[in-house]
2 protein chains.
Amino acid sequence: MAREAGTGKTSVSRYLNGEMQVLSEDLRQRIEAAIQRLNYRPNQMARGLKRGRNRLLGMLVADLTNPYTIEVLQGVEAACHALGYMPLICHAANEIEMERRFVQLLTTYRVEGLIVNALGAEEAVLRPLRGGGIPAVLVDRTVEGFDADLVGLDNGDAVSLGVQHLLDQGFDAIQFIVQPFQQVSSRRERERAFREAMAARGRPAEPAVVLDPNDAASTERALAEIAARIDAVHRRGGKRLALFVANAPVALIVARHLRTQFGAAWQDRAALLSIDDPEWAELIGITTIRQPTYDIGYKAVEFVHERIEGVTGDARVVLLPGTLVERASTVHVIEAAS
Amino acid sequence: MAREAGTGKTSVSRYLNGEMQVLSEDLRQRIEAAIQRLNYRPNQMARGLKRGRNRLLGMLVADLTNPYTIEVLQGVEAACHALGYMPLICHAANEIEMERRFVQLLTTYRVEGLIVNALGAEEAVLRPLRGGGIPAVLVDRTVEGFDADLVGLDNGDAVSLGVQHLLDQGFDAIQFIVQPFQQVSSRRERERAFREAMAARGRPAEPAVVLDPNDAASTERALAEIAARIDAVHRRGGKRLALFVANAPVALIVARHLRTQFGAAWQDRAALLSIDDPEWAELIGITTIRQPTYDIGYKAVEFVHERIEGVTGDARVVLLPGTLVERASTVHVIEAAS
DNA sequence: CTGTTAGCGCATTCAA
DNA sequence: TTGAATGCGCTAACAG
């Protein structure tokens, strides 16, 4: 390339970096022409190697099949585009081993920063980042012992919003349903927030039903429990039981099961409300609390970017508010199907 | 690092590449220790720069919000893992400009191969790959003028499966619904396959309803058309109209609209069948034709891998069969909700 | 078995 | 304004 333009590589480099003020018009044109002729593309890897920054930003997600993740991703992509980063998306597929492997990999590829929607509480998995001096920002979940910026949903506020809505609708029995929550901070917070929201309104909260989608036995047990609760409330002759589900994947499992159990009219038996607003919620009229997913992703990138640029200081926490999306599922009188 | 272990960098390199037979036990241990002490991670970029291969594999997708894409991705990831590649996922978000930008970017990053779920027919967008000598494999869609391996669904077979099923169920009116199909090969094929499948069975096919989700006016027009057709069939007093939708995103739009129009019991008015098997299909009992998405992704990686390894020859085409998943939507007598 | 030498493609001194 | 020299971190000859 250097000699194709009849010049030294220095000038080519200058051209690539847009230092036009330092190039004679003639030379500039010769280089331009040569680039066209050779279809020349500078090698980003080499550039990165030389100047120590490659504009790569890692995005490590736990579960791509969760619509939440995809939505966050969109915010991340938009921000990366705006700030000039190339997002490197890695999918751990809910496997801690994958997560570990990707952290290693991203470290060796020297990404400049990393956004982590971590699987769980394994601080050890993220430790290589520290060693490599790679700034990280957590999304949705904290990791014990790992001090980093966090951006996510204001879980307390969101749950309170849902509880208030259900009470306003006149439901007197509310059952909270959540995945095993000890290891995942956002689930833990939602479970706690539910108890507190109920208590604050003078209602005792039944213990949460815990449903682990990765464990058939646990799932079955949880679904049976839910069925029993629905039955009990039904026999008591009160309103339908309201099911407050902590996130969309679980809500889907519950809804699927209720449908098998009670048929197409299952919503006459139980009212469903879920955090997350997946595409099917609108389709069957489920009230949800929508997370500001796009903003979460965008903000996360802004945070890593600041850290990359050298901002120091204590870990920051940004909790964005959710929005209640009212649909038919929580209206307490269901109109008969015409 | 070299001197931390008290040796030359060559030996370190050898260690990293697992050439243990050529290293004395003593040296091996010294290097191992040094690695621990320094928390040393080899720089992949530098390695890649040197040997001309960086184990990076690009995956350019048109639309991550489409469940199809996610599922294909899982196959891609699995295959990458198996073959030692690091998948670099790029999301064009249905924007041709993004697609162009990513192709450029991936080219400058010198990915070794690329799997493309292209937006449309723009061969020009993919041209840089040729210049860079980067092998590409197309997924689901061909790109006119771009000669490359292709792996996707056997559209003809899949559509025929669906048509046969609907006829078996006794439906006498079938309406095909599809996105603008001129630019996208898979849609084109499905539309054609529908006409052919009908003709082969001695039924004339009504022209397909074309619905463009990105165009509000078009969407409205299409939905009105569908409503009119449903009405006409209804008045004629025959069976419900069967709607054969070419993919899940469109099916969702149609289902949502029918629900608003006819209420929760909308399935009494129209039978829905769709290619793709999204999570909500099970939830509301929609018959679908499931694509072998995982296998598609896996096979695509195997193909690029072979090309990377130097396999030459004509472009190959692999069309995998879909599977009919029968659900309540196409049973011609709907049981009354209990 | 081990170290020395030479570059991968580029950006950054420093001189000219 | 330009170019030559130097080195980013690593691997691949080539010698010892």
Side-chain angles (χ1 to χ4, degrees), chain A residues 1-35 38-56 84 86 104-112 128 131-134, chain B residues 1-35 38-56 84 86 104-112 128 131-134:
Chain A
M1 169 71 209
R3 66 172 182 286
E4 173 74 24
T7 174
K9 45 210 245 180
T10 312
S11 298
V12 176
S13 174
R14 291 201 176 103
Y15 176 89
L16 293 174
N17 290 312
E19 299 170 30
M20 299 310 181
Q21 343 89 22
V22 210
L23 289 180
S24 70
E25 185 56 23
D26 171 60
L27 186 48
R28 202 180 69 79
Q29 302 210 340
R30 265 166 37 227
I31 294 179
E32 206 147 73
I35 284 183
L38 299 184
N39 207 290
Y40 172 80
R41 301 278 155 215
N43 184 326
Q44 288 294 350
M45 296 308 173
R47 312 181 85 173
L49 184 57
K50 185 59 192 155
R51 52 177 168 189
R53 58 191 323 221
N54 51 21
R55 309 276 74 192
L56 252 31
M86 167 85 166
Q104 303 266 29
L105 218 53
L106 289 168
T107 304
T108 65
Y109 274 106
R110 299 292 192 271
V111 295
E112 296 188 41
I134 298 175
Chain B
M1 170 68 208
R3 66 172 184 286
E4 174 74 23
T7 174
K9 43 213 245 181
T10 310
S11 298
V12 177
S13 175
R14 290 200 176 103
Y15 176 88
L16 294 175
N17 291 313
E19 298 169 33
M20 298 310 183
Q21 341 89 21
V22 209
L23 289 180
S24 70
E25 185 56 23
D26 171 59
L27 186 46
R28 205 179 67 78
Q29 301 211 340
R30 261 158 49 219
I31 294 179
E32 206 147 70
I35 284 184
L38 299 183
N39 207 289
Y40 172 80
R41 301 279 153 216
N43 185 328
Q44 289 293 350
M45 298 307 174
R47 311 180 89 173
L49 184 57
K50 182 60 190 160
R51 52 177 168 189
R53 60 191 322 222
N54 51 23
R55 307 279 74 191
L56 252 29
M86 166 84 167
Q104 301 267 30
L105 218 54
L106 290 167
T107 304
T108 66
Y109 274 104
R110 299 290 191 275
V111 294
E112 294 187 43
I134 299 175

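Residue numbering restarts at 1 for every chain, and letters A, B, ... go by the order of the sequence lines. Note that the structure is predicted; figures quoted are calculated from it, not measured.
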| query | Just checking A:Q44: base, sugar-phosphate only, or nothing, at a heavy-atom cut-off of under 4.0 Å? | reply | nothing
| field | Euclidean distance, atom CZ of residue B:R30 to atom P of C:dG3 [Å, nearest integer] | value | 7 Å
| note | When rounded to whole Å, the OH to P distance for the pair B:Y40 and D:dG9 reads 9 Å
| said: Rounding to an integer number of angstrom, what distance separates C:dT2 and D:dG9 when you compare their P atoms? | reply: 25 Å
| field | Polar side-chain atom of B:N54 near backbone of B:Y109 as donor-acceptor pair, under 3.5 Å | value | yes
| Mapping B:R14 and A:K9 to their closest nucleotides on DNA chain C, which lands nearer the 5' end? | B:R14
| Which residue, A:L49 or B:T10, contacts DNA chain D at a nucleotide closer to its 5' end, judged by nearest heavy atom? | A:L49
| Could you state the CG-P distance from A:N54 to C:dA11, rounded to the nearest angstrom? | 13 Å
| message | Rounded to whole Å, please give me the gap between OH in A:Y109 and P in D:dC8. | response | 22 Å
| remark: Taken to the nearest whole Å, NZ/B:K50 to C1'/C:dC8 is 5 Å
| Touch check for B:S24, heavy atoms < 4.0 angstrom, all strands: base, sugar-phosphate only, or nothing? | sugar-phosphate
| request: Please figure out whether B:T7 or A:A46 has its closest DNA chain C nucleotide nearer the 5' end. | output: B:T7
| said: Please confirm whether the shortest side-chain N or O distance from A:S11 to OP1 or OP2 of D:dG3 is below 4.0 Å. | reply: yes
| Atom CG of B:N43 and atom P of D:dG7: how far apart are they, to the nearest Å? | 18 Å
| said: Rounded to whole Å, how long is the line connecting atom CD of B:E19 with atom P of C:dT2? | reply: 13 Å
| Interatomic distance where OH belongs to A:Y15 and P belongs to D:dT2 [whole Å] | 14 Å
